[in-house]
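The structure under discussion appears below in the form of structure tokens.
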Amino acid sequence: MMDNVSVVKMFILSGLNETNNYRLTLFTFTLLYYCVILFLNISLIMIIILDENMHEPMYILLCSFCINGLYGTTGFFPKFLLDLLTSSQQISYEGCLLQAFVMYSFACCDLSILAVMAYDRYLAICRPLHYHSVMSKRRLSQLICFSWLTPFCVFSVNVLLTSRLKLCSFKIHRIFCVNWIIVKLACSDADTLSNNIAAYITIVIYVFHGIFTIWTYMHLVKTCVRSKEDRVKFMQTCVPHLTSLITFLVAIVFDLMYMRFGSRDIHQSLQNLIAIVFLLISPVINPLIYGFKLTKIRNRILGLVYIKRK
């Protein structure tokens, strides 16, 4: 039926309207920052892939974590850099839905991987004698598939429901596409009922991810207090996970709260910064934290630096 077909073929991203005077400067710093993200994450991925001593569950999960960081930032930075060089920030209807899918699936894939990492550390510290039998190659493959396929399936449904809406506006007051904002452009609120239901189901799914992860670390802390050896293991392997989790959750919650309840009185530049905090912090902080904190990775990096100096 024609009523279910969107007449919008192109969206205007109006988030850069107030940056005309310093776009070249913003482009330069953004490009440098994106290059840093690529360098850090690709370096860590290659170190783990090439070093057979790191072909263990914890490092393979970290590799998956970095790949997701590349996936999410590639969904945003190339388009944003192009927008900084053009006078009109347009994106096709299909491209906007794709970008919305990438942004959401990236964020939730991060949370899924953190949940799997927490489970891995729980087994390693609380059930060390059963670790290798439980965390087999097959189980690890299943957990990695879970951490990627769950957000992909969930947000495929969300985006598919959004694609059925008839939209009455083509202006998005952001620097990238967000599914919830596209839904708010719908002509009739009655048409968005299925989107709202899907959104709340998604929130519930990932709230449980968060609860599971937090409960696991609370249990780990309680266990590690009893043994000095466990405390050392916790500090070496779990502190980076906790730091990543807290950083990620603060950024995501802040953005979601602003998106749902934020004020338009906030300056556009601050709105843009709030919107991309989760894309700025996690992809840089994660490889740095794991690179410096995990002994095998740190030693490998120092070894490479030492060889180059010879």
Side-chain angles (χ1 to χ4, degrees), residues 44 56-66 68-69 72 104-136 139-151 154 200-257 277-278 281-298:
L44 209 56
E56 300 173 5
M58 182 174 67
Y59 296 103
I60 293 170
L61 289 170
L62 174 55
C63 187
S64 180
F65 206 28
C66 292
N68 188 52
Y104 274 76
S105 57
F106 155 71
C108 289
C109 193
D110 249 12
L111 194 53
S112 293
I113 294 170
L114 284 167
V116 173
M117 283 179 159
Y119 175 67
D120 173 71
R121 290 300 85 202
Y122 164 77
L123 290 175
I125 294 174
C126 299
R127 298 179 61 190
L129 298 177
H130 304 282
Y131 178 73
H132 291 291
S133 60
V134 175
M135 191 58 78
S136 61
R139 176 62 62 84
L140 179 62
S141 299
Q142 290 172 342
L143 289 172
I144 290 174
C145 286
F146 162 80
S147 64
W148 281 88
L149 292 179
T150 302
V154 167
Y200 287 119
I201 290 172
T202 303
I203 290 170
V204 169
I205 290 171
Y206 285 98
V207 164
F208 276 113
H209 275 60
I211 291 171
F212 169 79
T213 307
I214 292 167
W215 176 87
T216 302
Y217 281 118
M218 287 174 64
H219 188 75
L220 280 169
V221 170
K222 185 179 177 181
T223 302
C224 292
V225 170
R226 304 169 189 165
S227 165
K228 183 178 180 180
E229 184 182 344
D230 285 340
R231 283 200 299 271
V232 171
K233 191 182 291 186
F234 179 86
M235 291 301 294
Q236 285 182 339
T237 62
C238 295
V239 168
H241 298 171
L242 273 174
T243 306
S244 296
L245 177 65
I246 293 167
T247 302
F248 173 77
L249 288 178
V250 168
I252 288 295
V253 169
F254 204 79
D255 183 50
L256 288 174
M257 292 295 289
V277 161
F278 74 106
I281 298 176
S282 294
V284 169
I285 291 295
N286 290 338
L288 286 177
I289 290 172
Y290 289 106
F292 284 111
K293 192 65 180 174
L294 297 181
T295 306
K296 282 188 179 180
I297 294 178
R298 184 174 67 248

What side-chain donor-acceptor pairs closer than 3.5 Å can you find for residues 207-215, not counting sequence neighbours?
residue: H209; atom: ND1; partner: I205; partner atom: O; Å: 2.9
residue: H209; atom: NE2; partner: S112; partner atom: OG; Å: 3.3
residue: T213; atom: OG1; partner: H209; partner atom: O; Å: 2.8

Gap between atom CZ of R127 and atom OG of S133 - 0.5 Å precision = 7.5 Å

How about D120 and Y131: do any of their side-chain heavy atoms sit closer than 4.5 Å?
-> yes

Less than 4.5 Å apart, any side-chain heavy atom of L143 and any of M135?
-> yes

So do H130 and L123 actually touch side chain to side chain, heavy atoms under 4.5 Å?
-> no

Measure across F106 and P283 and return the closest heavy-atom pair with its distance rounded to 0.1 Å.
-> CZ-CG, 4.5 Å

Indicate the atoms forming the closest heavy-atom contact of S64 with W148, along with that distance.
-> OG-NE1, 2.7 Å

When rounded to the nearest 0.5 angstrom, what is the spacing between CZ in R121 and NE2 in H219?
-> 14.5 Å

Working to the nearest 0.5 Å, report the span between CZ of F146 and CD1 of I113.
-> 11.0 Å

Approximate separation, where rounding is to 0.5 Å, of L149 CG and C109 SG = 9.0 Å

To the nearest 0.5 Å, atom CG of L61 lies from atom OH of Y119 at 11.5 Å

Considering all heavy atoms, the nearest L44-C66 contact | CD2-SG, 3.6 Å

OG1 of T150 to CG of L111: how many Å apart, nearest 0.5 Å?
-> 11.0 Å

Side chains of S282 and D110: closer than 4.5 Å at any heavy-atom pair?
-> yes

Sub-4.5 Å side-chain heavy-atom contact between L140 and V116 = no

